[in-house]
Amino acid sequence: MKIELHEITVGEIAKNYVDNAEEGVVGYGGKLNIRPKYQREFVYDEKKRNAVIDTITKGFPLNVMYWVKNEDGTFEVLDGQQRTISFCQYVAGDFSIDSRAFHNLTEPERKRILEYKVLVYFCEGDEDEKLAWFKIINIAGEKLTDQELRNATYTGPWLTHAKSIFSKTGCAAYLLAKDYVSGSPIRQEILETALDWIGKSLSLGEGKREPDAHIKGYMSEHQHEPNANELWIYFRNVIEWVKLTFIKYRKEMKGIHWGALYDEFHGQTFDTAALEQKILSLMADDDVTNKKGVYPYVLTGREKYLNLRAFTESQKRQAYERQGGICPYCAKEGRAKTHYEIGEMEGDHIMPWCEGGKTVPDNCQMLCKEHNRIKSNK
């Protein structure tokens, strides 16, 4: 990572300052992304904002700032965003202090502000170095999300197009999938979901230690491509498949990892009416405590998604006393040890839940841990 210290005046930084709201904030003659489009819009409150101007007018030092230098000679603010926006807004006349706007100041006062030198580190490096550095300095104030940090690293035409689809208020991805995915587009959470799904679908980052290796791998691979059509088509296919497969919407459908289910099952044909009847029955089943898990369960048959209601301690104690502490499976096999303390046993459904057995006292038996594991894995 190459880091160089520079002195840049407020006047130079505020030159051609433009705030395009959600489109970002630029300055330094148009060469500096003060608040890139991938970041949220937040600024200092009045007290902190005014303190920045007071520091400058008194000639006191501001904390050093960090800019990333891009290959094309442009820059992005890594640290110092709110301080930069504060003095740029003041110079642009966006607010006043004690009823004095910038244009109300005397010529020497304006000159003192415009000639104030800000200490700025220019940072250059490869993608991994920039991401690591960004994480180090992203330690105070409004923290960036993991996806905002990735966006800071993998800038390019692909990301610009992806953000136009996934990262704007009222964007196409949000309008399509707001009932099925969680998060805010401007916090990059919908984009992150789409990348998570497609990255795992393509098995990117397998074998690497970082949990987001599949997302970074996809962004790195496509960084310089002209558009994000592949991601958008995949995301649309997933959501449309969900809508066609599950004919009645329920709030529990929001936030499920639909990408993985699509990858595994979109090639199969389902009786959608029969699926709906099964879902309706499971939603009414008191033993199913994780209603969101009903959807992956009806496709996979894996009970782990349902978080089935467990027997209470009282019910297990009743069964233990009824059995006299004997594991019926050990007794049936003629094992030397058949008696266990209650802490060595676990509650089990005599009639399995999948066959209609309920979590009621009469359907509870206590098994040794070994046999309970064997029965559960059948």
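These numbers were taken from a predicted model, which means no experiment stands behind them.
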- Query: Taking 4.0 angstrom as the limit, do R317 and E321 come out as a salt bridge?
  - Reply: yes
Check: K358 side chain to H349 main-chain N or O, any donor-acceptor pair under 3.5 Å?
Finding: no
### Task
Could you tell me whether E344 and K369 make a salt bridge, using a distance below 4.0 angstrom between a side-chain N and a carboxylate O?
no
Item checked: Under-4.0 Å salt bridge between R49 and D45 -> no
- For I326, does its backbone N or O pair with a side-chain atom of H339 as donor and acceptor, under 3.5 Å? no
Are H222 and Y218 near enough that their ring centres are under 6.0 Å apart?
-> yes
Worksheet item: With a 6.0 Å cut-off on ring centres, are Y66 and Y121 close enough?
Response: yes
Exercise. Please confirm whether the backbone N or O of D179 pairs with a side-chain atom of Y249, one donor and one acceptor, at under 3.5 Å?
Key: yes
Do the charged groups of E252 and R250 touch, with an N to O distance under 4.0 Å? no
Side chain to side chain donor-acceptor pair (under 3.5 Å) test vs Q188 passes for just one of D146, T193, N151, namely N151
The salt bridge (Lys or Arg N to Asp or Glu O under 4.0 Å) partner of E346 among K375, K316, R373 is R373
Exercise for the section: Using a strict 4.0 Å threshold on nitrogen-to-oxygen distance, state whether E109 and K58 make a salt bridge. Expected result: no
(message) Counting only heavy atoms not in K15 (residues, nucleotides, ligands), do more than 12 fall under 6.0 Å from its NZ?
(response) no
Q.
Do the side chains of E370 and R335 get close enough for a salt bridge, i.e. N-O under 4.0 angstrom?
A. yes
Worksheet entry | Pairing of E4 and K69 as salt bridge, 4.0 angstrom limit | no
Exercise. For the residue pair W241 and F265, is the inter-centroid distance of their aromatic rings smaller than 6.0 Å?
Worked result: no
- Aromatic contact, W197 with F235 (centres under 6.0 Å): yes
